[in-house]
Amino acid sequence: MTIQPIFNTDRPILIAGPCSAETEEQVLATAHGLKDKGIQLFRAGIWKPRTRPGAFEGIGSEGLKWLKRVKQETGLKVTTEVANAQHVYECLKYGVDVFWIGARTTVNPFSVQEVADAMQGTDIPVLIKNPVNPDYKLWIGAIERIYKAGITRIGVIHRGFSTYGDSKYRNVPRWQMAIDLMQEFPGLEVICDVSHICGRRDILAETAQKAYDLNFDGLMVEVHPTPDQAWSDAAQQVTPARFGEMMQGLVRRRITSDDPDYLAQIENCRNEIDDIDEELINLIARRMQLVKEIGVVKKEKNIAVLQPERFRALRDALRRRGEKSELSPEFIAMLLEAVHQESINQQEHVMNDGQESPPRQEVPGSLWMGD
Ligand code: PEP
Ligand code: MN
């Protein structure tokens, strides 16, 4: 694949606009509020894929006329979500500049293929959001389907992943997946949709800064003239003025530098980190050795591998320990889960005399493989 950039700019790519086009006034007020804020693309959802029925499901094709007015009055280019062939045809008719494929569409290869087929023979640039579930191959599969339809200008949008249970995010970022994508496709423009990751406006700025620090090429932000009155995603939208302030407050850091002073300073730390990483692996290997010894005893006494009480006690102790060292509870939970899973695997190996099935084959460099 030789994917071409859509934006091709040194500046951060900024895409902003309301979650949904609601009224002509609201769309135009947002666009006028954003026209001098350095954005490359104005967004507005015309057809809205809502999780539950009964919520506002988008204004439909009528809103495409408002996007046309945005282009005429502000000179901004516009983008909206397409989820089926009809959406594609309508958007082409009204001159939408860039299409985006939403997270609930990327998840379904039938739908992605339908929109890809409808785009065949056009030269429209397409942004592809990650699927709602953390399935790296499904995301790449969508890129491939669009590319095979003859679309060469493709970018991706990272909007986080659905989760069940407590999280400070609406959609957990699992940044590593976007980082894997950047590494596998150098030059692919990767944009972070901080609004759908956060789901709330109070952590938007810090999350946007994090995206910049992870070398994302830009941001997608939901902007509304009166966010609290928005017909969808009210809690995460910000006013055009707040958007402007937020963007001004972000620091765009250089990817690297050949300044000798910088290199000397990080060299020492990096050496120490390498030593620590080696020690960590040695320590974990020693832990696994002990786990296997316990496995031998459990086998003799016919005791189950999983001991929920012991796991809970361990987890609570580590959480407290982590707090003292300013390690986040999320990190401690992930670390413990990984170590505990490996311990269970190793112990099962001992207890079943190595008869259990081998681990699944994974593509190197990625933790989240689906089929
Ligand atoms: C949106 O951008 O408004 C949207 C519906 O996003 P997602 O597909 O990421 O849920
Ligand atoms: Mn939204």
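Just follow the structure's listing: the first ligand is 1, and inside any ligand the first atom is 1. Basis for what follows: all heavy atoms, side chains included, without hydrogens, waters or symmetry-related copies.
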Inset, instruction - Quick one: look up the protein heavy atom nearest atom 8 (O) of ligand 1 and list residue, atom name and how far away it is. - result: A103 N, 2.8 Å
Inset, instruction - Would you check the N or O atoms of R104, main chain and side chain alike, for any that come under 3.5 Å of an N or O of ligand 1? - result: yes
Inset, instruction - Just jot down the ring-ring contact (aromatic ring centres under 6.0 Å, His included) partners of F311, sequence neighbours excluded, or say none. - result: H340
Inset, instruction - Starting from the Mn ion (ligand 2), count all protein N, O or S atoms within a radius below 2.8 Å. - result: 4
Legend entry - Near-ring test Y94/W66, centroid separation under 6.0 angstrom: no
Inset, instruction - Share the residues that join I157 in a hydrophobic cluster, the rule being Ile, Leu, Val, Met, Phe, Trp or Tyr side chains under 4.5 Å apart at the heavy-atom level. - result: I6, F7, I13, I15, L41, V98, W100, L127, I191, M220
Inset, instruction - Please state whether G45 comes within less than 4.0 angstrom of ligand 1, counting heavy atoms only. - result: no
Legend entry - Parallel, tilted or perpendicular: ring planes of W47 versus H87, cut at 30 and 60 degrees: parallel
Inset, instruction - May I ask you to identify the nearest protein heavy atom to atom 1 (C) of ligand 1, giving residue, atom name and distance to one decimal place in Å? - result: H196 CE1, 3.2 Å
Inset, instruction - Any atoms of ligand 1 less than 4.0 Å from a non-hydrogen atom of G102? List them with their elements. - result: 8 (O)
Legend entry - Heteroatom proximity flag, M220 to ligand 1, N/O under 3.5 Å: no
Legend entry - Salt bridge present between E222 and R43 (N-O < 4.0 angstrom): yes
Legend entry - Side-chain donor-acceptor pair present, Q113, D117, cut-off under 3.5 Å: yes
Legend entry - R270/E267 salt bridge by N-O under 4.0 Å criterion: no
Inset, instruction - Pick, from R159, E81, Q236, K129, the option with the minimum heavy-atom distance to atom 6 (O) of ligand 1. - result: K129
Inset, instruction - Pull out every atom of ligand 1 sitting under 4.0 Å from any heavy atom of E222, numbered as shown with elements. - result: 1 (C), 3 (O)
Side-chain donor/acceptor pairs under 3.5 Å, residues 255-264, sequence neighbours excluded:
| unit_1 | atom_1 | unit_2 | atom_2 | d |
| --- | --- | --- | --- | --- |
| S257 | OG | D259 | N | 3.0 |
| D259 | OD1 | D261 | N | 3.0 |

Legend entry - Proximal atoms of ligand 1 relative to C19 (non-hydrogen, under 4.0 Å): 3 (O)
Legend entry - Ionic contact status for E323 with R320, cut-off 4.0 Å: no
Inset, instruction - Kindly confirm or rule out an N or O of K48 lying under 3.5 angstrom from an N or O of ligand 1. - result: yes
Inset, instruction - Please determine if D213 and R252 form a salt bridge, counting it only when a charged side-chain N lies under 4.0 Å from a carboxylate O. - result: no
Legend entry - Pair R11 + D217: basic N to acidic O under 4.0 Å: no
